4 protein chains.
Amino acid sequence: MEFRIDRSSGLPAYLQLVRQVREALRLGWLGPGDRLPTVRDVVASSGVNANTVLKAYRELELSGLVEARQGSGTFVKAGLGSADPEVMAALRARLAGWVREAREAGLDTEDIDALVRSVLANGEGVAVA
Amino acid sequence: MEFRIDRSSGLPAYLQLVRQVREALRLGWLGPGDRLPTVRDVVASSGVNANTVLKAYRELELSGLVEARQGSGTFVKAGLGSADPEVMAALRARLAGWVREAREAGLDTEDIDALVRSVLANGEGVAVA
Amino acid sequence: MEFRIDRSSGLPAYLQLVRQVREALRLGWLGPGDRLPTVRDVVASSGVNANTVLKAYRELELSGLVEARQGSGTFVKAGLGSADPEVMAALRARLAGWVREAREAGLDTEDIDALVRSVLANGEGVAVA
Amino acid sequence: MEFRIDRSSGLPAYLQLVRQVREALRLGWLGPGDRLPTVRDVVASSGVNANTVLKAYRELELSGLVEARQGSGTFVKAGLGSADPEVMAALRARLAGWVREAREAGLDTEDIDALVRSVLANGEGVAVA
DNA sequence: GTGGTCTAGACCACG
DNA sequence: GTGGTCTAGACCACC
């Protein structure tokens, strides 16, 4: 697992890390027993400060998703995946098709993002946070 | 246009306002010449401080999207023009269908969000920001 | 770099700060990689409020000239590169000579300013802004 | 005399009007006895609100430069010109030559402006307000 | 100790 | 009544 920090997004770095771990769990890329990258690895690959990584891992531990084992690393305790991998793959493929069409219709990523958010916000015609 | 601020998202309130205006422009809900709600209206409807709204509006002005006219309001200057409304509507409908299926397969909103982000990030297997 | 705020000029303090940074870039006193004074330094040396400084620095950041790095300061990102320092020095010397003559002819600073502005406005006979 | 208002300069509109009248006096374009444009004319030609023009004229009257005569207009009372027109013309010509050179050396208007201001600020190496 | 966010409230410029 | 400026001060995120 590799982290990517977007300095200009306005979202605090430690929350971006937490979010990316949660997403990996959601998507089944990480599951119970897997080891997270060491703090040192994250520092090296993403450029954030070690304290920032520690804060993210601590937050994940507090929410019960991971477990730090002294001397051996941080491990995933619980999954967040809610669906069968095959179903996920099918949904993913169909979504990828939709994205391709949207792009062909001339929408750029920000357009697509806006559309997705507005649909998820439930057709109320108001985009959220 | 109505704003919604999510105090728990970690994203600064003024950035949420900026983002919502940009999304409205993307989706065609706002176009050149339209007037944004007055600062006072936003304060009344969303509960944020007036300066927070001013900061968001100023940021939009600096990026050339809107124009403040003293004494008369803040107006949209340029669109973030996406696509033909009909095409948008069709894409939206198909996306809504996909979301329905995903929900029926047991995915919750956070699952769907993670899936969308990972597809938009383009098959690289890393969710972003 | 030291800032000077003229409270009686009618120009908002934050715009004076922005302008002075831009001028320093124009004149080559600041270049890529240089660090701006910290917000606290500016507050101490110029007496303006910290938020006023932050607003100026943020405006510079939005226009792509500087970059704020949390915990370490605000740094110049791009130059507003003008000309070769030697050419600048020569032009400056000749201008200084002209100013001396103008003063000897009895013009005060406001006269000189008016004359410069009218010449820069390009023989149209109308001074601007 | 024609006024030009720059909405984006940050300087209040009424101060821009005051300044332009003062500059016209400095440069000898206006002299004692000349009539300023009527408020209505200024409104028509510059687009500002009538109250804004009135405020500017009132300010000029308070500083003793002009005089409002009920029913006939606003007239210049005192000059601000400090030098002989011929001397002014000579200085202006030499300055225009300098500006031409600066432009040929690749400086744009903002560069020139920065240089002029820094020289006027007296060689101290700090540009002012 | 760095920059950044937000609040509350006074006051100004403009229509 | 519109947007804009500035202040004072509390608190947060990050190094």
Side-chain angles (χ1 to χ4, degrees), chain A residues 5 7-8 10-17 43 47-56 59, chain B residues 5 7 10-17 35-43 46-61 66-75, chain C residues 5 7 10-17 35-44 46-61 66-75, chain D residues 5 7-18 43 46-56 59:
Chain A
I5 300 302
R7 260 38 225 272
S8 67
L11 203 62
Y14 83 98
L15 282 181
Q16 295 188 33
L17 294 176
V43 166
V48 302
N49 184 281
N51 288 331
T52 303
V53 183
L54 279 167
K55 180 163 184 182
E59 193 124 320
Chain B
I5 300 303
R7 262 60 178 41
L11 203 60
Y14 82 98
L15 280 180
Q16 296 187 32
L17 294 176
R35 199 180 106 154
L36 295 186
T38 67
V39 172
R40 286 161 176 75
D41 284 349
V42 179
V43 167
S46 71
V48 302
N49 181 277
N51 286 339
T52 302
V53 183
L54 277 168
K55 184 167 183 179
Y57 279 17
R58 172 165 200 89
E59 189 138 337
L60 288 165
E61 192 168 13
V66 309
E67 180 184 27
R69 299 186 202 143
Q70 286 237 7
S72 63
T74 300
F75 297 81
Chain C
I5 301 303
R7 262 66 179 36
L11 203 61
Y14 85 98
L15 281 181
Q16 296 187 32
L17 294 176
R35 198 179 106 155
L36 294 185
T38 66
V39 172
R40 285 161 177 78
D41 284 349
V42 179
V43 167
S46 71
V48 302
N49 182 277
N51 286 340
T52 303
V53 183
L54 277 167
K55 184 168 181 179
Y57 279 17
R58 173 165 199 90
E59 189 139 336
L60 287 165
E61 191 169 13
V66 308
E67 179 184 28
R69 301 188 202 141
Q70 286 238 11
S72 64
T74 301
F75 296 81
Chain D
I5 300 303
R7 267 27 232 271
S8 68
S9 76
L11 203 62
Y14 83 98
L15 281 181
Q16 295 188 33
L17 295 175
V18 168
V43 167
S46 72
V48 302
N49 183 280
N51 288 331
T52 303
V53 184
L54 279 168
K55 179 163 185 182
E59 193 125 321

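None of the values given here were measured: they were computed from a predicted structure. All chains are named by letter (A, B, ...) in the order of the sequence lines, taking the proteins before the strands, and each is independently numbered beginning at 1. FYI, side chains are in, hydrogens and waters are out, and symmetry mates aren't considered; it's all heavy atoms of this structure.
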- Task: Fill in the dot-bracket string of DNA chain F, one character per base: . for unpaired, | for a pair to another strand, ( ) or [ ] for pairs within the strand, taking Watson-Crick or G-U pairs under 3.5 Å.
- Result: ||||||||||||||.
- Query: Between Ile5(D) (CD1) and dA13(E) (P), how many Å, whole number?
  - Reply: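 After rounding, the gap between these two atoms is 15 Å.
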- Query: Could you give the CZ-to-C1' distance, from Arg7(D) to dC14(E), as a whole number of Å?
  - Reply: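 Distance, rounded to whole Å: 8 Å.
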- Find which nucleotide of DNA chain F each of Gly71(B) and Gly10(D) is nearest to by heavy atoms, and output the residue with the more 5' nucleotide. Gly71(B)
- Note on the structure: The answer to which of Asn49(C) and Leu36(B) contacts DNA chain F further toward the 5' end, by nearest nucleotide, is Leu36(B)
Is there a side-chain contact between [X] and [Y], using heavy atoms and a 4.5 Å cut-off?
X: Val43(D); Y: Thr52(D); value: no
X: Asp41(B); Y: Leu36(B); value: no
X: Val48(B); Y: Arg7(B); value: yes

- Message: What contact category does Glu61(B) fall into here, base, sugar-phosphate, or nothing, at under 4.0 angstrom with non-hydrogen atoms?
- Response: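 The answer is sugar-phosphate, as Glu61(B) gets under 4.0 Å only of primed atoms, P, OP1 or OP2.
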- What is the nucleic acid contact for Arg40(C), judged by heavy atoms within less than 4.0 Å: base, sugar-phosphate only, or nothing?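 Result for Arg40(C) = base.
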Enter the distance from [X]:[atom1] to [Y]:[atom2] here, rounded to the nearest 0.5 Å.
X: Thr74(B); Y: Leu60(B); atom1: OG1; atom2: CG; result: 9.0 Å
X: Lys55(B); Y: Arg58(C); atom1: NZ; atom2: CZ; result: 5.0 Å
X: Gln16(C); Y: Leu11(C); atom1: CD; atom2: CG; result: 5.0 Å

- Task: Would you confirm whether Glu59(D), through its side chain, and Val18(D), through its main-chain N or O, come within 3.5 Å as a donor-acceptor pair?
- Result: no
- Item | Side-chain donor or acceptor of Arg35(C) paired with backbone N/O of Ser72(C) under 3.5 Å |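 Yes.
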Which atom names give the shortest non-hydrogen contact between [X] and [Y], and what distance separates them?
X: Gly10(A); Y: Pro12(B); answer: O-CD, 3.8 Å
X: Val42(C); Y: Pro37(C); answer: CG2-CB, 3.8 Å
X: Ala56(B); Y: Tyr14(B); answer: CB-O, 3.5 Å

- Query: Of the residues in residues 50-57 of chain B, which ones touch DNA chain E at a heavy-atom distance under 4.0 Å?
  - Reply: Asn51(B), Thr52(B), Lys55(B)
- Note on the structure: The residue, Tyr14(B) or Ser72(B), whose nearest nucleotide of DNA chain E is more 5′ is Tyr14(B)
- Item | Span of DNA chain F, from the first to the last nucleotide whose atoms fall under 4.0 Å of chain B heavy atoms |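 Span of nucleotides near chain B: dG1(F) to dC6(F).
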